[in-house]
Number of protein chains: 2
Amino acid sequence: MAKEREQTISDAVIKRLPIYLRYLTYLDRMGVRTVSSHQMGKELGQNPAQIRKDLAYFGEFGRKGIGYEVRYLIKKIRQILHLDQLIPVALVGAGHLGTALARYNAFQQDNMRIVAIFDHSPLKAGREVDGIRIQPMEELKQTVKDKDIRVGIITVPDYAAQEVADQLVDAGIEAIMNFAPTIIHVPPNVRVHHADLTTELHSLAYYLRHPEYIVM
Amino acid sequence: MAKEREQTISDAVIKRLPIYLRYLTYLDRMGVRTVSSHQMGKELGQNPAQIRKDLAYFGEFGRKGIGYEVRYLIKKIRQILHLDQLIPVALVGAGHLGTALARYNAFQQDNMRIVAIFDHSPLKAGREVDGIRIQPMEELKQTVKDKDIRVGIITVPDYAAQEVADQLVDAGIEAIMNFAPTIIHVPPNVRVHHADLTTELHSLAYYLRHPEYIVM
DNA sequence: TAGATTGTTAATCGATTAACAATC
DNA sequence: TAGATTGTTAATCGATTAACAATC
């Protein structure tokens, strides 16, 4: 039933799946059993055809005339995203942002679990964040191996980000989420997502009304 | 010289401008005077033609045969993004993530300045974060008016996000950056950017190698 | 001058949306 | 049965890239 012929699927599609998943999880909590692409599209601000097409890349999950069974679709999307298995995550950089993310509940959900925290500063090593001991950078490689860590989150200052990325790659990490405000370069077999908080905020400024100009 | 005929410019273009700006600022700090679209593209992983085209929407900033003057281009991009004026920002939700962002240096740069922090909890009201007093929600509307606040950052839990968004809109805010893991709905004259930390992380899982399947 | 690089038009590529037969 | 809704193909739309004349 499911198409296992993985034609490469575009990033845009993959980025939407977790959004669908989140809404479906909400519906499930509300006790809703089935949902149509139309309903989902309305709530999420997306074209229903797009939602159907996105899902259809991976199989036939719906029923004509009925819609999608919420629980079943949740299960399927979790499978597609590999969120049906526990994914151990390492966080590097125990500053304000790093510790906030480690404590951030929404972040610790859905089987992605921060299981190790590293920091460059000897002052921080030994402290705990949410029950996880902060380790020195020297222990990164071994810990990644021991705990089977597959994803790294970078929350160090920009000037240190590339060096940390190199170390994560060297330790055998498969994917990196970078919160440092700089572009990092990694080999093609490692996936990087840039969570660009600053650029996101700055692009917002463009859309402000500008009363100081007379616009006509 | 600059085209003031604002054909609507696509979001994709606007989102790239702060990335250019950041790199140019770095170059300036390094003492670099001019840069070509080719150089920029190489560093930022982007097609040079795209960079030239993006910039050309707003004017002729480069010189044929030479490239772009770094300082001049910085100035121009800052103008385009309205970052040449101080933009007062309010942050709502003084939890872990909120306080971390308020203290986050990269966030307090480039004329976007968090000038007020609000929290629902009476326990938090009165405390300070980085010299800014946490105010109760009741004071939001008046403070937004008094301090001419134009942008709101939402860092409350998901279930509270829509309510906070409504209050920000009611107070006359022009743009919202939403960190709560949920979609919020606002009138069309208000701009919302979703900083979707969780979905970003979850989509990363898709790209992990999956040794448990035999892929052929 | 020769080489480099812009700004811009044209070509390509990819993503979104519309439409509809199939069917619950 | 009639109405609803999927999965999918075709049409549209938009964004990216290539190419090149202009020119520093």
Side-chain angles (χ1 to χ4, degrees), chain A residues 1-17 19-20 23-24 27 32-74 76-77 80 203 206, chain B residues 1-17 19-20 23-24 27 32-74 76-77 80 203 206:
Chain A
M1 190 168 273
K3 301 175 193 169
E4 220 55 86
R5 297 269 58 251
E6 296 218 356
Q7 25 158 346
T8 344
I9 286 154
S10 93
D11 289 6
V13 174
I14 300 303
K15 291 228 169 163
R16 284 192 292 266
L17 293 181
I19 297 171
Y20 301 157
Y23 180 54
L24 290 162
L27 288 179
V32 177
R33 308 301 288 263
T34 58
V35 66
S36 68
S37 59
H38 181 82
Q39 273 176 267
M40 286 183 69
K42 195 177 172 188
E43 174 61 26
L44 301 176
Q46 258 157 58
N47 186 298
Q50 182 168 74
I51 295 173
R52 294 201 300 279
K53 203 159 195 283
D54 285 351
L55 297 172
Y57 283 116
F58 303 97
E60 305 195 358
F61 303 141
R63 284 209 290 162
K64 295 187 172 79
I66 309 290
Y68 299 92
E69 216 239 294
V70 173
R71 287 258 172 100
Y72 179 71
L73 192 52
I74 287 174
K76 283 299 170 183
I77 295 182
I80 294 163
S203 68
Y206 174 81
Chain B
M1 190 171 274
K3 301 173 192 170
E4 220 55 85
R5 299 266 58 250
E6 298 218 358
Q7 28 158 345
T8 345
I9 286 154
S10 92
D11 289 5
V13 174
I14 301 302
K15 292 227 168 165
R16 283 191 292 265
L17 293 181
I19 297 171
Y20 302 156
Y23 179 54
L24 290 162
L27 288 179
V32 177
R33 309 299 288 264
T34 57
V35 66
S36 69
S37 61
H38 182 81
Q39 276 176 264
M40 287 184 67
K42 197 177 170 188
E43 175 60 27
L44 301 176
Q46 257 158 60
N47 186 298
Q50 182 168 74
I51 295 173
R52 294 201 299 279
K53 202 158 196 279
D54 285 351
L55 297 172
Y57 283 116
F58 303 97
E60 304 195 357
F61 303 141
R63 284 207 292 161
K64 295 187 171 78
I66 309 289
Y68 299 92
E69 216 239 295
V70 172
R71 288 258 172 99
Y72 180 71
L73 192 51
I74 287 173
K76 281 300 171 184
I77 295 181
I80 294 163
S203 67
Y206 174 80

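Here is the naming used below: chain letters follow the sequence lines, and residue numbers restart at 1 for every chain.
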Between CG of B/Leu73 and C1' of C/dT5 the distance, given in whole Å, is 14 Å
Taken to the nearest whole Å, NE2/A/His38 to P/C/dA18 is 13 Å
For the side chain of B/Lys64, counting heavy atoms from C-beta on, which of C/dT6, C/dA10, C/dA18 is nearest? C/dT6
Taking the side chain of B/Tyr68 as its heavy atoms from C-beta onward, which of C/dG7, D/dT8, C/dT8 lies nearest to it? C/dG7
In whole angstroms, the gap separating P of D/dA15 from CG of B/Asp54 amounts to 11 Å
Integer-rounded Å distance: C/dG14 P and A/Gln50 CD: 17 Å
Nearest heavy-atom approach of A/Gln39 to A/Thr34 is OE1-O, 4.4 Å
Closest listed nucleotide, where the reference is the side chain of A/Ser37 and the choices are D/dT6, C/dA15, D/dT16: D/dT6
Candidate nucleotides C/dT17, D/dC24, C/dT8, ranked by approach to the side chain of B/Ile66 - the nearest: D/dC24
note: A/Asp11, atom CG; C/dA15, atom C1'; distance rounded to Å ~ 12 Å
CZ of B/Phe61 versus P of C/dG7: gap in Å, rounded? 9 Å
Within a strict 4.5 Å, meaning less than it, do heavy atoms of the A/Tyr57 and A/Ile80 side chains meet? no
Without decimals, in angstroms, what is the distance between B/Gln46 CD and D/dT17 C1'? 13 Å
Assign A/Arg52 to base, sugar-phosphate, or nothing according to its heavy-atom contacts below 4.0 angstrom with the strands shown. base
Give the rounded distance in Å between these two atoms: OH of A/Tyr57 and C1' of D/dT9. 12 Å
